[in-house]
Every structure is written in C-alpha cells, then in structure tokens.
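Below: one structure, written as structure tokens.
All heavy atoms count here, side chains included; hydrogens, waters and symmetry mates do not. Naming convention: chains lettered A, B, ... in sequence-line order (proteins, then strands); numbering from 1 in each chain.
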Amino acid sequence: MKQKIKNLIINAAGRAHQKGDLPSADIPEVEVEEPRAEAHGDFSTNIALVMASIQKMAPRKIADAIIAHLQDPQELIAKTEIAGPGFINFFVHPTAWHPVLREILDADTAYGAADIGQGQKFQVEFVSSNPTGPLHVGHGRGAAVGDAVANILAFCGYAVQKEYYINDSGRQIRTLGRSVFLRYRELSGQKVEFPAECYQGAYIRDLAADIKTQKGDGLLGQPEEDAIMECARFAADKILDGIRDDLKLFGVEFDCWFSEQSLYDGGRVDEILKHFRKQGIIYEKEGALWFKTSDFGDEKDRVVVKANGETTYFASDIAYHQDKYDRGFERVVDVWGADHHGYIPRMKAAIEACGHRRGQFDVILVQLVNLLRAGEPMAMSTRAGEFETLRDVINEVGRDAARFIFLTRHYESTLDFDLEIAKQKTNDNPVYYVQYVHARIASIMRKGTEQGADEISWNDQAVAHITEPEEIDLIKALARYPDILAGSAKSMEPHRVTYYLMELASAFHTYYNKHRVLTDDALVRCGRLNLILAVQKVIRNGLTLLGVSAPDRM
RNA sequence: GCGCCUGUAGCUCAGUUGGAUAGAGCAACGGACUUCUAAUCCGUAGGCCGCAGGUUCGAAUCCUGCCAGGCGUACCA
C-alpha cells in the first residue's frame with residue numbers, strides 16, 4: 001500500500017512538471033510514512049517540504065500542484081489534504097485495504113518475506129560460550145537474539161548459517177582439566193588444596209565422579225599433565241553435550257559447531273600469522289609478536305604470540321574469521337556479550353588487514369541481564385559457582401516466556417529478568433497476551449466448525465462486509481508487517497517484531513471484545529473468518545521467527 | 001584518565017532512522033463476563049524526553065560540552 005501511494009506521488013510530481021506547474025524536473029526520494037496521529041490520515045509525505053528549496057516555491061504551493069495532478073485509477077484514496085507547513089496527508093478508502101487479506105491468505109507462511117537479501121551468504125555466530133561450565137541467563141539472551149536475528153534475515157532472503165564457535169583450546173580448558181583432576185584426586189582420598197582460580201561449581205565434582213566411575217583410579221598413575229589433559233577433554237565434551245541439550249531445550253539449533261582446535265590442527269593460525277608477517281604488519285617486541293592493529297584504527301597494538309611462545313586467543317580468532325570468509329560468507333555477524341566491547345576495534349582491524357571491507361563484519365553487542373526474583377537481584381558468578389543456569393530458568397518460567405522476554409528490549413539496553421514476573425500471566429508478561437490471540441482464534445475456528453460453518457474460503461462478496469473501524473484497523477496493522485520485517489532485518493533488531501506482535505494482538509483483542517465473528521449472517525461470518533484467519537497466520541509467522549510457539553489452546 | 005552502552009509518565013520500556021498535539025504495559029482510580037476463552041476489553045489520571053548550548057522550515061532523534069548509572073580498558077578467553 002505504501003509503495004502504491006509512493007508511485008502515485010512520483011507520477012503526480014512528474015506530470016506537474018510536464019504541465020509547467022513545477023519549474024524543476026528534479027524529484028527527490030519520496031518518503032511516505034504512517035503518521036502517529038489518526039487525524040493525519042493513513043499515509044503522509046513531506047515531499048513538498050523537501051522540494052521547497054529545489055523548486056524555489058512555498059511548500060504548500062508545491063503540495064497544491066502535486067495534488068492537482070494526482071491520478072488514482074484504482075480509487076485507493078478517499079481524501080487528500082495539505083496540513084501544517086506542507087505535509088500531504090492521504091486517507092485511504094477503507095475497502096481498498098481488503099486485498100491485503102487475500103495477499104496474506106495466499107502467501108500464508110511466506111507473507112511479508114521481502115527478498116532484500118537476494119541470497120547473499122550471511123553467517124550469524126552466537127552463544128559460543130566456553131565449554132567450561134553450563135549456560136547461564138546471559139547466554140540465553142545472546143541465544144534468543146542471535147537465533148531471532150538469523151531467522152529474520154533468512155526470512156528476508158539471506159542465505160543464513162547459524163554457527164557456534166567452540167573454544168576448545170587454550171588456558172581456560174586447561175584450567176577446567178586441572179579443576180576436575182583436583183576433585184578427582186579428592187574423591188580418591190587425597191588431600192588437595194583447591195586454588196581460587198579453578199572452577200568452583202558443583203558440576204566440577206559431578207564431572208570428577210563421572211570420570212572416576214569410568215576410569216577408576218587409573219589417572220593417578222599417569223604423568224600429571226597427561227591426566228589433566230584427559231580430564232580437560234572429558235569434561236569439555238561432557239559440558240558441551242550439556243550446552244547442546246540446553247540449547248535444544250531452548251529451541252535453538254545450530255547449522256555448524258566450529259572447533260577452535262581445528263584451526264590449529266589445520267595450520268590456519270600459522271598461515272595467517274605468516275601472511276601478516278609478509279605484509280609487514282607484525283613485529284617483535286619484548287619477546288612477543290605484535291600485530292599492528294593501530295594501523296587499522298585500534299588504540300594500540302595487540303599481542304598474537306606471547307613471549308612464552310603460546311599464541312593468544314586473538315590469534316586464533318583472526319584465523320577463525322578469515323576462515324569464515326574463505327567459506328564464502330559475504331557478511332559475518334558476531335553476537336557478543338557487552339563485556340567484550342573493547343575487543344571490537346582489534347577484530348575490525350583484523351578483518352580489514354585480511355582484506356575485507358568493514359561493512360562485511362558486524363558485532364551485535366548484547367547488554368547484560370540482571371536476574372531478579374520479585375525485585376531482588378540474584379548473585380551471579382561462574383567462578384564461585386553461584387549462578388542460575390539457563391536450564392533452571394527455562395524449567396521455571398518456560399521456554400516461550402524466556403525467549404519472548406529476552407526480545408522485549410533493544411539488545412543495547414540492559415535487561416532486568418524477573419523470574420516472578422516471567423511466570424505471571426498478566427500484561428507485565430506479554431508473551432501470553434500474544435499467544436492468547438492465536439489460541440482464541442483457534443477456538444473460534446473450532447466452534448465455527450462445530451456449528452457447521454463451511455470451510456473458510458475466499459469470497460469477495462463476504463470480504464466486502466468487512467467495514468467496521470476495528471476491522472479496518474486490524475487490516476492496517478496486518479499490512480504493516482512486511483515493512484516491520486524489512487526494518488528488523490536491515491537493522492538486525494528483532495525486538496521490532498516483538499513490539500509489532502504486541503500491537504497486532506492489542507488490535508485483535510479490541511476487535512474481539514466489540515464484535516462477534518460467528519454471527520448468523522453467513523456472509524458477514526465468512527468475511528470475518530477470513531479476517532481472523534489472516535491475523536492468526538501473521539501472529540504465528542511472527543512468533544515462529546522469534547522462536548516462540550503459537551498454541552491452539554491455552 | 002580514556003572508550004562503549006544507557007538516561008523518555010511513579011515503575012518497566014517503545015518511539016517507523018529529522019516530522020505535525022511524545023506512545024504502550026504495570027501500578028492508581030472508575031466501568032464491562034447468562035455471549036466465539038475475562039490470560040481480555042473500555043475509560044480517567046499521569047511528561048522540562050538527564051542538563052546546557054548548537055545545526056534548520058522542524059530535534060526525544062544529528063553535533064559539542066557537562067551530569068548520573070552500567071560495562072570495559074591483559075603477553076585472559
């Protein structure tokens with residue numbers, strides 16, 4: 001609809017120039033928006049204001065000229081007016097909205113899928129939590145955001161891959177192995193001192209017990225380093241299995257689980273360092289190798305090989321990102337926790353040094369989650385082992401509520417996640433508000449079938465009976481969905497879809513309370529059934545993109 | 001110190017990328033269930049968009065400087 005209005009304006013402006021009512025042929029990009037205030041019509045354009053300096057005419061005069069040359073063969077427009085400093089407001093004829101319903105019912109699950117991606121290969125990497133402990137709520141937010149962003153991009157025509165990067169190499173893994181081995185020795189009756197830098201959580205003891213069941217006392221006879229590495233491998237695999245299970249429970253499925261260790265095994269890290277050396281952007285200082293990230297906008301240079309010969313996490317991360325582009329991804333998005341924001345400039349430097357454009361790399365920085373219970377903050381520390389795991393949260397409040405809440409804020413805002421509110425079935429917790437629409441419509445459909453209503457099929461005559469203001473409002477809301485999705489995809493902001501669904505739900509509940517769908521008049525009934533079926537489809541489509549279910553009963 | 005994020009109704013937050021009289025939910029107050037699910041709806045009230053300048057036809061939105069909170073500032077990952 002917006003596009004149709006836009007075309008009418010462009011054509012009218014062109015004609016106005018041909019007839020000599022506008023001196024310049026220069027027509028700027030036409031912006032059409034939906035005004036906030038209902039009194040300002042369904043659509044509004046500021047073109048006359050923008051053209052004022054080009055045409056050297058008063059905005060209202062320009063608006064006059066454009067309206068005079070408006071041709072509307074489809075009779076979409078009921079009324080136009082010039083308002084304020086020179087806005088042109090368009091009032092769309094109510095019945096002109098009806099075809100939107102047809103469009104939705106025909107397109108079904110594909111409604112709103114503008115092909116803005118055109119098959120571009122796009123990778124979204126998210127969660128990527130170290131396999132040193134279970135996922136907590138912060139990871140849950142990253143998972144919900146990453147998954148929804150990927151879904152929305154895929155829906156809008158990008159070829160999207162979801163990836164999890166496994167940090168199965170380096171010091172943290174060794175610390176994990178050491179932690180487990182110490183607990184293992186404890187279980188074997190040895191007295192050990194458990195250092196503060198080791199992982200304190202109870203799950204470490206469980207892992208030690210598991211390995212003891214499997215190996216008995218066998219590890220005690222081995223050289224300590226071998227035993228630690230065996231514990232590390234065992235524990236990381238086990239924890240990773242747990243992470244996979246948690247994510248599955250959360251409804252998140254990855255296309256690829258990528259191992260950091262595989263980069264070392266395949267020589268990719270050495271390869272990229274050699275390449276940088278050849279470019280002269282690596283130098284030696286104080287026994288370490290430094291990458292000149294400051295040449296690419298970072299505030300200072302960064303170490304890639306430490307004085308003790310170990311490579312840094314950054315080094316393998318460079319190789320990792322190069323590998324993404326080698327795999328053919330034209331755009332790469334990383335979803336990180338906000339505590340990693342200082343890492344962005346050096347990563348961007350690395351991307352550029354590898355010969356890629358900055359526009360090919362984006363970071364979605366998800367702000368922290370404050371976990372509360374009835375307003376009281378809950379302590380969270382992985383080290384100390386006092387945290388609420390994602391699994392606990394899902395078990396307590398349910399997957400749908402958790403996912404929806406994670407997407408009810410812009411990811412750049414810190415989020416208060418209150419377990420008590422998440423369980424409530426009120427408007428403080430809007431996931432049920434939206435799902436309720438789906439269930440209500442399903443209920444009406446069941447009732448309709450019971451009462452012998454025919455299979456719902458398109459009927460022009462019946463749809464013509466859709467004239468109530470609440471019905472037209474509902475269709476207008478449905479018509480906005482494609483625009484919302486496109487905006488959500490371009491900005492990679494899934495919360496726009498969340499808010500849209502709440503608005504659509506509100507429009508439906510208002511309608512439902514005022515008008516009856518299953519009336520005695522067969523034509524009216526049929527028209528309304530078509531209307532609510534369209535609403536149900538859009539609600540289901542939107543919830544699916546967010547990873548939330550659309551129940552038929554509640 | 002420097003960098004990133006945030007600051008909008010009593011509370012939690014949106015605000016269509018610079019548009020007209022700034023919007024929701026919760027909480028408060030008053031109404032609507034013999035009706036397709038009341039997990040709902042309708043109404044009332046609530047604002048110096050952190051503060052001060054600037055840019056222009058027009059600013060919550062862009063620029064500069066302050067103030068407050070959070071996070072970061074490793075040869076950790």
5'-most to 3'-most nt of RNA chain B touching chain A (<4.0 Å, heavy-atom partner on protein side) reads B/G3 to B/A77

Take atom [atom1] in [N] and the same atom in [M], then report the distance between them in whole Å.
N	M	atom1	value
B/A24	B/U34	P	29 Å
B/A77	B/U73	P	13 Å
B/U56	B/C63	P	16 Å
B/A52	B/A59	C1'	15 Å
B/A27	B/C41	P	13 Å
B/U44	B/C36	P	29 Å
B/A14	B/C62	P	15 Å
B/U21	B/G25	C1'	22 Å

Could you tell me how the ring of [X] sits relative to the ring of [Y]: parallel (under 30°), tilted (30 to 60°) or perpendicular (over 60°)?
X	Y	result
A/H340	A/Y343	perpendicular
A/Y511	A/H515	tilted
A/F291	A/F276	tilted

If you compare all heavy atoms of A/E163 against all heavy atoms of A/Y320, which two are closest, and at what distance to 0.1 Å?
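Closest approach of A/E163 to A/Y320, heavy atoms only: OE2-OH, 2.6 Å.
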
Under a 4.0 Å heavy-atom cut-off, which of [range] touch RNA chain B?
range	answer
residues 43-51 of chain A	A/S44, A/N46, A/L49
residues 55-65 of chain A	none
residues 470-495 of chain A	A/S491, A/H495

Mind telling me whether B/U17 is syn or anti, cutoff 90° either side of 0?
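For B/U17, whose glycosidic angle is within 90° of 0, the conformation is syn.
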
Have a look at B/C13 and give me syn or anti from its glycosidic angle (syn if within 90° of zero).
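Anti conformation here, the glycosidic angle of B/C13 being more than 90° from 0.
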
Is A/R373 salt-bridged to A/E396, going by a charged N under 4.0 Å from an acidic O?
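Salt bridge flag = yes for A/E396 with A/R373.
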
Hey, do the aromatic rings of A/F417 and A/F406 have their centres closer than 6.0 Å?
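Yes, they do, as the ring centres are separated by less than 6.0 Å.
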
Base, sugar-phosphate, or nothing: which does A/D301 touch, judged by heavy atoms less than 4.0 Å apart?
nothing

Heavy atoms under 4.0 Å, any strand shown: does A/I344 hit a base, just sugar-phosphate, or nothing?
nothing

Residues in ring-ring contact (aromatic ring centres under 6.0 Å, His included) with [X], at least two apart?
X	answer
A/H139	A/H136
A/H321	A/F361
A/F155	none

Does the side chain of [X] pick up a donor-acceptor pair with the side chain of [Y] at under 3.5 Å?
X	Y	value
A/Q172	A/N130	yes
A/H465	A/R528	no
A/D301	A/Y283	yes
A/S44	A/E33	no

Wobble G-U and Watson-Crick pairs count when both distances are under 3.5 Å; given that, what is the 5' to 3' dot-bracket string of RNA chain B, with | for pairing to other strands?
(((((((..((((.....[...)))).(((((.......))))).....(((((..]....))))))))))))....

For A/R516 and A/D416, find the nucleotide of RNA chain B closest to each by heavy atoms; which residue's nucleotide sits nearer the 5' end?
A/D416

For A/N308 and A/N429, find the nucleotide of RNA chain B closest to each by heavy atoms; which residue's nucleotide sits nearer the 5' end?
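Residue closer to the 5' terminus by nearest nucleotide: A/N429.
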
By the salt bridge (charged side-chain N to carboxylate O under 4.0 Å, His left out) test, which pairs, at least two apart or in different chains, include something from [range]?
range	value
residues 492-518 of chain A	A/E470-A/K514, A/R480-A/E503, A/E493-A/R496
residues 36-61 of chain A	A/D42-A/K476
residues 309-324 of chain A	A/E125-A/K324, A/R268-A/D323, A/K306-A/E310, A/D323-A/R327, A/K324-A/D334

I'd like to check the side-chain hydrogen bond (donor to acceptor under 3.5 Å, both in side chains) partners of A/D237; sequence neighbours left out, ordered by chain and number.
none

